[in-house]
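Side-chain atoms are counted along with the backbone in the values below, which use heavy atoms only and exclude waters and symmetry mates. Counting starts at 1 for both ligands and their atoms, following the listed order.
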Amino acid sequence: MTALRYITAGESHGKGLAGIIEGIPSGLSLHADDIDRDLVRRQGGYGRGGRMKIESDHAEILSGVRWGKTMGSPITLIVENKDYKNWSQGMSSEASAEGAIPAVTRPRPGHADLTGALKYDHRDVRNILERSSARETAMRVALGAVARKFLSVFSVRVGSYIVQIGTRKATDDVQEVKEKELLDLFSRAEGSPVRCPDEKASRSMVKLIDRALREGNSLGGIFEVFVTGLPVGLGSHIQWDRKLDGRLAQALMSIQAIKGVEVGLGFEMGRRFGSEVMDEIFYMPTRPHVVKGGNMRGVYRKTNNAGGIEGGMTNGMPVILRAAMKPIPTLRKPLRSVDLITKEQIAAAYERSDVCAVPAASVIGEAMVALTVADAFLEKFGGDNMSETKRNYDSYMEYVKKF
Ligand SMILES: Cc1cc2nc3c(=O)[nH]c(=O)nc-3n(C[C@H](O)[C@H](O)[C@H](O)COP(=O)(O)O)c2cc1C
């Protein structure tokens with residue numbers, strides 16, 4: 001049983017999305033604006049399809065918050081689908097609306113369409129694609145914003161930036177050690193149309209997206225998510241499902257189209273000698289900034305190849321994760337497929353689609369990481385109200401300083 005539980009519901013063209021998060025202590029200041037800020041960030045990025053021009057997401061808080069403060073009860077969020085007005089019959093829950101729009105019978109390769117239709121016994125693929133669509137991630141981002149707000153009370157920050165789109169790579173060495181440099185990469189990424197801190201690479205990525213758009217094709221890429229300010233000792237080495245690296249990998253991998261996750265140097269570790277990979281441990285009698293970051297007094301590392309996690313536990317260094325996203329599977333120049341009813345070889349269905357959504361995926365990655373880290377944080381420090389959580393946190397930090 002986790003300390004923080006959450007669940008989402010809703011279809012891509014249904015009335016809206018709903019989410020419930022339970023386990024946030026009482027007394028946390030929370031406003032719809034805190035959530036909307038991240039919803040706007042998710043909708044951005046060069047290469048998005050027409051849908052994003054229709055939607056301007058806003059979260060309504062339905063429960064769990066009174067007069068700007070959490071009450072300790074489950075927090076329910078709703079994000080309306082503005083596009084629903086065009087789908088009110090096609091997505092109606094009423095039996096009388098059946099057949100209002102034609103069935104989708106041409107499954108798209110790379111989607112949940114074919115396997116989902118078979119598994120759930122649907123002849124209309126819409127019954128699958130409506131839920132497998134990444135529209136659902138708007139609610140993950142909304143819930144993630146709540147986790148982010150909780151973490152901010154403890155000066156924990158979560159950010160992300162893009163390091164690759166297609167073949168175009170950022171040249172910046174992103175394996176940074178220091179909090180300040182990570183935050184700098186993040187703020188530069190926020191100003192880039194593709195959320196890439198390297199300006200030259202950004203321009204090149206935009207050009208490649210334009211080419212994919214012209215050719216009816218699509219692109220994927222790689223992004224990094226970091227967390228700064230985490231105390232040492234979140235997660236645990238003692239059991240497979242308590243290991244924080246495993247939990248973070250699952251959280252990121254669960255995002256639509258994410259096909260690979262790395263922690264720190266990740267796969268590169270497999271290509272190097274041990275002496276080139278491990279982060280050696282040093283001691284200096286007073287290193288107050290390290291203490292502030294949550295590390296043990298005087299003990300520090302010069303490198304962060306581990307990406308802030310050793311033995312499934314945070315080690316006080318920034319957590320650094322990388323995720324690879326495959327290209328968008330719906331192509332304007334469609335791939336070959338088979339009609340579910342006639343069994344004819346035909347072109348896969350095309351529905352207004354993104355050409356590249358890596359920048360948006362990185363914001364979703366932040367949300368999933370914030371939720372996972374907040375869960376590990378509450379597991380360690382507990383607390384039904386924020387004062388209690390803070391007391392527990394402060395006392396642990398005192399202990400760490402004296403260790
Ligand atoms: C932010 C984001 C936006 C996406 N937009 C689209 C899209 O417009 N069209 C599409 O076919 N797939 C899109 N996808 C990818 C599909 O949702 C995903 O590939 C599909 O659900 C199958 O899941 P899988 O790739 O994890 O196997 C998007 C994914 C993300 C994270």
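Here the straight-line distance linking atom CG of N304 with atom CE of M317 works out to 4.0 Å at 0.5 Å rounding. From Y161, atom OH reaches atom OG of S187 across 12.0 Å, with rounding to the nearest 0.5 Å.
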Derivation and outcome, side chain to side chain contact (heavy atoms under 4.5 Å, CB included), residues L39 and V79: CA-CA 10 Å; L39 288 176; V79 174; 4.1 Å; yes

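Counting only heavy atoms of the protein, atom 17 (O) of ligand 1 lies nearest to Q256 CB, 3.3 Å. At the shortest separation from atom 16 (C) of ligand 1 among protein heavy atoms lies H111 CE1, 3.8 Å. In terms of protein heavy-atom proximity, atom 14 (N) of ligand 1 is nearest to I328 CD1, 3.7 Å.
For the pair A257 and ligand 1, the shortest N or O to N or O distance falls below 3.5 Å. When only interatomic distances are considered, the shortest N/O to N/O separation between R352 and ligand 1 does not fall below 3.5 Å.
Listed by number with element, the atoms of ligand 1 under 4.0 Å from a non-hydrogen atom of S132 are 17 (O), 21 (O). Ligand-side atoms of ligand 1 in range of A357: 1 (C), 2 (C), 3 (C), range being under 4.0 angstrom from any heavy atom. Close approach of ligand 1 to I364 (heavy-atom distance below 4.0 Å) involves ligand atoms 1 (C). Atoms of ligand 1 lying under 4.0 Å from at least one heavy atom of M325, given by number and element, are 29 (C), 30 (C), 31 (C).
Which of S218, A134, S353 comes nearest to atom 29 (C) of ligand 1 through a heavy atom is settled by distance: it is A134. The closest heavy-atom contact to atom 11 (O) of ligand 1, among the options D113, T330, D354, comes from T330. The residue from R131, K259, R135 that puts a heavy atom closest to atom 27 (O) of ligand 1 is K259.
By the side chain to side chain contact (heavy atoms under 4.5 Å, CB included) test, S218 pairs with P327, I328, L331, sequence neighbours left out.
Heavy-atom separations between P329 and ligand 1 include at least one value shorter than 4.0 Å.
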Below 3.5 Å, can you tabulate the donor-acceptor pairs from side chains in residues 104-120 to any protein atom, sequence neighbours excluded?
unit_1: T105; atom_1: OG1; unit_2: D339; atom_2: OD2; d: 2.9
unit_1: R106; atom_1: NH1; unit_2: A347; atom_2: O; d: 3.2
unit_1: R108; atom_1: NE; unit_2: D113; atom_2: OD2; d: 2.8
unit_1: R108; atom_1: NH1; unit_2: H111; atom_2: NE2; d: 3.4
unit_1: R108; atom_1: NH1; unit_2: T330; atom_2: OG1; d: 2.8
unit_1: R108; atom_1: NH2; unit_2: H111; atom_2: ND1; d: 3.3
unit_1: R108; atom_1: NH2; unit_2: D113; atom_2: OD1; d: 3.1
unit_1: R108; atom_1: NH2; unit_2: D113; atom_2: OD2; d: 3.4
unit_1: D113; atom_1: OD2; unit_2: R108; atom_2: N; d: 2.9

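Of the heavy atoms in T137, none comes closer than 4.0 Å to ligand 1. Contacts with ligand 1 closer than 4.0 Å are made by no heavy atom of E351, backbone or side chain.
Between R135 and the choices D57, D83, D354, the salt bridge (charged side-chain N to carboxylate O under 4.0 Å, His left out) rule is met once, by D57. Checked options D375, T372, D241, T2; the residue passing with R247 is D375 (criterion: side-chain hydrogen bond (donor to acceptor under 3.5 Å, both in side chains)).
Inspection of the T8 and R140 side chains reveals no N or O donor paired with an N or O acceptor under 3.5 Å.
For Y283 and Y300, the ring centers sit 6.0 Å or farther from each other.
Cation-pi contact between K390 and F154: absent, since separation from the ring centre below 6.0 Å together with deviation from the ring axis within 45° is not met.
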